[in-house]
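Have a look at the structure below, then the notes.
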Amino acid sequence: MRAIRLFGDPVLTTPAEPVTTFDKELRRLVGDLTDTMLKAPGAGLAAPQISVGLRVFVYDVDDVVGHLVNPVLGELSAEQQDGEEGCLSFPGLYFPCPRAQRVVARGANMYGDPVVISGSDLLARCLQHETDHLDGVLFIDRMDPAQRKLMMRAIREAEWFGGPAPAVKASPHSILGAVR
Ligand SMILES: [Zn+2]
């Protein structure tokens, strides 16, 4: 169980580095991420959220617990979903966030073997949300300006939010059917 960093912490907006060594330390990181996610509990957790700047995340969706190292998203569907989304770095806050309905994530497992995960609905949302974390992009960056404003207000009123309001940057990525 590791401490989860909260919105406002610069580690959350810093892009993470690719994993190059698939060693015991990486497997310990995946274990720590999984334990911390399950304890929270949450549907996903990315390494920067526990202050580790590596491209690794874990997920727990539809009773499947998994992890992905060095993920690359592709085949984002033009069809969108618009459900509510949450994040362990924004405790208690859930806001609508547009995402592709389907996506394919390619990467590796903690032993370095290639892995392909095809997701729709919640799993697709999770794969996009967690991969964004590795690019220093947060779900509030993906919202339309009106929704973002509502969320900033809720953040300022949240008990856990102590510091001065950080600047919210515009997303560097197209959110509509982008393939990257
Ligand atoms: Zn998150």
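Both backbone and side-chain heavy atoms feed into the values below; hydrogens, waters and symmetry mates do not.
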message = According to ring pair (Phe, Tyr, Trp, His ring centres under 6.0 Å), who are the partners of H129, at least two apart in sequence or on a separate chain?
response = H133, F139

Taking the side chain as every heavy atom from C-beta outward, state whether [X] and [Y] have any atom pair closer than 4.5 Å.
{"X": "L38", "Y": "V58", "result": "no"}
{"X": "Q128", "Y": "L76", "result": "yes"}
{"X": "F22", "Y": "N109", "result": "no"}
{"X": "L6", "Y": "P91", "result": "yes"}
{"X": "D144", "Y": "K149", "result": "no"}

Transitive ILVMFWY side-chain link [X] to [Y], under 4.5 Å:
{"X": "V19", "Y": "V115", "value": "no"}
{"X": "L68", "Y": "L29", "value": "no"}
{"X": "L88", "Y": "F161", "value": "no"}
{"X": "V104", "Y": "V61", "value": "no"}
{"X": "V116", "Y": "L73", "value": "no"}

So, the side chain of [X] versus the backbone of [Y]: is there a donor-acceptor pair under 3.5 Å, distance only?
{"X": "D62", "Y": "V64", "result": "no"}
{"X": "S89", "Y": "R5", "result": "yes"}
{"X": "Q49", "Y": "A46", "result": "yes"}
{"X": "N70", "Y": "P18", "result": "no"}
{"X": "R125", "Y": "C97", "result": "yes"}
{"X": "D141", "Y": "L138", "result": "yes"}

Look up atom [atom1] in [X] and atom [atom2] in [Y], then write down how far apart they are to the nearest 0.5 Å.
{"X": "L93", "Y": "M151", "atom1": "CG", "atom2": "CE", "value": "5.0 Å"}
{"X": "D9", "Y": "S51", "atom1": "CG", "atom2": "OG", "value": "6.0 Å"}
{"X": "Y59", "Y": "L122", "atom1": "OH", "atom2": "CG", "value": "12.0 Å"}
{"X": "D35", "Y": "M37", "atom1": "CG", "atom2": "CE", "value": "9.0 Å"}
{"X": "L12", "Y": "F7", "atom1": "CG", "atom2": "CZ", "value": "8.5 Å"}
{"X": "W160", "Y": "I4", "atom1": "CH2", "atom2": "CD1", "value": "12.0 Å"}

Contact summary for [X] and [Y], nearest pair of heavy atoms:
{"X": "L134", "Y": "P48", "answer": "CD2-CD, 3.6 Å"}
{"X": "A100", "Y": "A124", "answer": "O-CB, 4.0 Å"}
{"X": "G74", "Y": "V103", "answer": "O-CG2, 3.5 Å"}
{"X": "L45", "Y": "L33", "answer": "CD2-O, 3.6 Å"}

query = Should the heavy atoms of other residues, nucleotides or ligands under 6.0 Å from CD of E84 be counted, would the total exceed 12?
reply = yes

remark   = Given the options Q147, R148, M152, L150 meets side-chain contact (heavy atoms from CB on, under 4.5 Å) only with Q147

request  = Please step through side chain to side chain contact (heavy atoms under 4.5 Å, CB included) for the pair I140 and E85, ending with a clear verdict.
outcome  = CA-CA 10 Å; I140 192 169; E85 198 165 307; over 6 Å; no

query = Sequence neighbours excluded, which residues qualify as side chain to side chain contact (heavy atoms under 4.5 Å, CB included) partners of E79?
reply = S77, Q101, R102

key: Which residues share a side chain to side chain contact (heavy atoms under 4.5 Å, CB included) with D23, sequence neighbours left out   = T21, E25, L26

ask   = Hey, is D121 close enough to R99 for a salt bridge, meaning N to O under 4.0 Å?
value = no

